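One structure is given here, and the rest of the page talks about it.
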Protein chains: 2
Amino acid sequence: MAERAQYEELVRQFSAFGLVKRELGRILPDGCSHASAAVLALLSRYGDIRMGKLAELLAVDMSVISRQVAHMAAQGWIDRSPDPADRRSRILRLTPEGRDQLDELSERTTRLLADRLSDWTDDEVGRLIGLMARLRSSFDSTGCEPAGLTAVTAHRTPSPSHPYASDRRTDEGRP
Amino acid sequence: MAERAQYEELVRQFSAFGLVKRELGRILPDGCSHASAAVLALLSRYGDIRMGKLAELLAVDMSVISRQVAHMAAQGWIDRSPDPADRRSRILRLTPEGRDQLDELSERTTRLLADRLSDWTDDEVGRLIGLMARLRSSFDSTGCEPAGLTAVTAHRTPSPSHPYASDRRTDEGRP
DNA sequence: TATTGTTATACTCTATAACTATA
DNA sequence: TATAGTTATAGAGTATAACAATA
């Protein structure tokens, strides 16, 4: 259990993280926002999924996904076909254009990170990935671990790949 | 130097971090956004500073600070007095109400983090702080920038007083 | 009635550009 | 001319609430 000063410093790092996100945002291709990039990556990883599932994976409201996905469909990056089994739902699928976009995205972010983190070791990057994954998992009330490498093969399973999964439901500390 | 797959995973963790930020945002007091909280913390740490300095510390455009600070002054949390030495400038100072607000803020975030990170050790939290500090530093201090990227003014900051300070250009965060 | 998704509205954060007032 | 700050505008991300279609 950490102390108050440490938590305050952690929060400060959280807010400073905005700079990193903004820098990454500057290299995004036209029409492709952070959110679009995240959706492309998830579709590539999980295959054809429904909007609700996507909202769950990204931990945002479905209205957010709905608008986002509409934009991406207009760009030609994804298909939205009605689910034959439940006509309220729509199945999302990456188009070839979507894959191209994802490749371009991956190319650009890799180049930027390789430059900025050129003095980081493989191991250090791995540690940051691990800690951020665990942080997210500590904050995720669903117990799932949607976007982490540690859960690549198992987004439905209760994250067996690390010993820190949290199923706590307490709302302590919330208004 | 890490590999492409690792960089891609890192970017995924970055986007997943949004959830953490949103959760933290939910406990903020009325009228006090993430941005306000960050400004309060910086004013408390650095004392009376000018708007430009604040913009530099937060790595955002001054127009952003201007609006933010206007809101905070309206709330009574900060004073904006003209700088006698340069009447174009304004010196920002925390009011007693601003301190109270910061205390309340600190109380709430500490409670939330203590709950969510209850199974993290002191050392683990410290490692995350160190790695995020280094990440930030890697993104605002690089001499060579990839084509098409806007330079972010590198800044030197005074050494803060506690052991988890973030702005130093040290090897903190490295093993 | 409950669930899936859509749309409308509002609020925050951010950057650019045009503006002012000093220097 | 150059700098410190302000304001207007635009765009992205998010949440809530009202709504439609289907289960």
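Just so you know, these numbers use all the heavy atoms, side chains as well, and skip hydrogens, waters and symmetry mates. Residue numbering restarts at 1 for every chain, and letters A, B, ... go by the order of the sequence lines. All values derive from a computational prediction rather than experimental measurement.
- Residues A:Arg127 and B:Glu124 are not paired through a salt bridge, judged by the lack of any N-O separation under 4.0 Å between the basic side chain and the carboxylate.
- Across the protein-nucleic acid pair, B:Phe17 atom CZ and D:dT14 atom C1' stand 16 Å apart, rounded to whole Å.
- For the pair A:Ile65 CD1 and C:dT7 C1', the computed distance is 16 Å after rounding to whole Å.
- Across all strands shown, B:Asp86 has heavy atoms under 4.0 Å from sugar-phosphate atoms exclusively, and none from any base.
- Between the C1' atom of C:dT4 and the CZ atom of A:Arg67 lies a distance of 19 Å, rounded to the nearest Å.
- Contact annotation: A:Ser63 side-chain N/O to D:dT16 OP1/OP2 distance is not under 4.0 Å.
- If you take NZ of A:Lys53 and P of C:dG5, they are 12 Å apart, rounded to a whole angstrom.
- In the hydrophobic clustering of this structure, B:Leu10 does not group with B:Leu19; members are Ile, Leu, Val, Met, Phe, Trp, Tyr whose side-chain heavy atoms approach within less than 4.5 Å, directly or through other members.
- Between B:Ser89 and the phosphate of D:dA4, there is no side-chain N or O to OP1/OP2 separation shorter than 4.0 Å.
- Ion pairing between a basic and an acidic side chain is recognised when a charged N comes within 4.0 Å of a carboxylate O; B:Arg93 and B:Asp79 show no such pairing.
- Look at A:Glu8 and A:Arg12 and you find no salt bridge, because none of the NZ, NE, NH1 or NH2 atoms lies under 4.0 Å from a carboxylate O.
- Position along DNA chain D of the nearest nucleotide to A:Asp83 versus A:Ser36 favours A:Ser36 as the more 5'-ward residue.
- Using a 4.0 Å cut-off, some side-chain N or O of A:Arg80 falls inside it from OP1 or OP2 of C:dT6.
- Atom CG in B:Asp61 sits about 14 Å away from atom P in C:dA18, given to the nearest Å.
- A close approach under 4.0 Å does occur between a side-chain nitrogen or oxygen of A:Arg50 and OP1 or OP2 of C:dT4.
- Side chain B:Arg88 to base D:dT3: a donor-acceptor pair is found below 3.5 Å.
- An OP1 or OP2 oxygen of D:dA4 is reached within less than 4.0 angstrom by no side-chain nitrogen or oxygen of B:Arg90.
- In this structure, A:Ser66 and A:Gly18 both approach DNA chain C, and ranking their closest nucleotides by distance from the 5' end singles out A:Ser66.
- Under the 4.5 Å side-chain heavy-atom criterion for Ile, Leu, Val, Met, Phe, Trp and Tyr, A:Ile49 and A:Ile91 are members of distinct hydrophobic clusters.
- Remark: B:Arg22 is in phosphate contact with D:dA15, judged by side-chain N or O atoms under 4.0 Å from OP1 or OP2.
- Taking only side-chain nitrogens and oxygens, B:Arg87 never comes nearer than 4.0 Å to OP1 or OP2 of D:dG5.
- As rounded to whole Å, 13 Å separates atom C1' of C:dT7 from atom CE of A:Met62.
- The interatomic distance linking A:Gln68 (CD) with C:dT6 (P) rounds to 13 Å, in whole Å.
- Atoms CG (A:Leu92) and P (C:dG5) sit 8 Å apart, rounded to a whole Å.
- Heavy atoms of B:Met51 sit under 4.0 angstrom from primed sugar atoms or phosphate atoms, though from no base atom.
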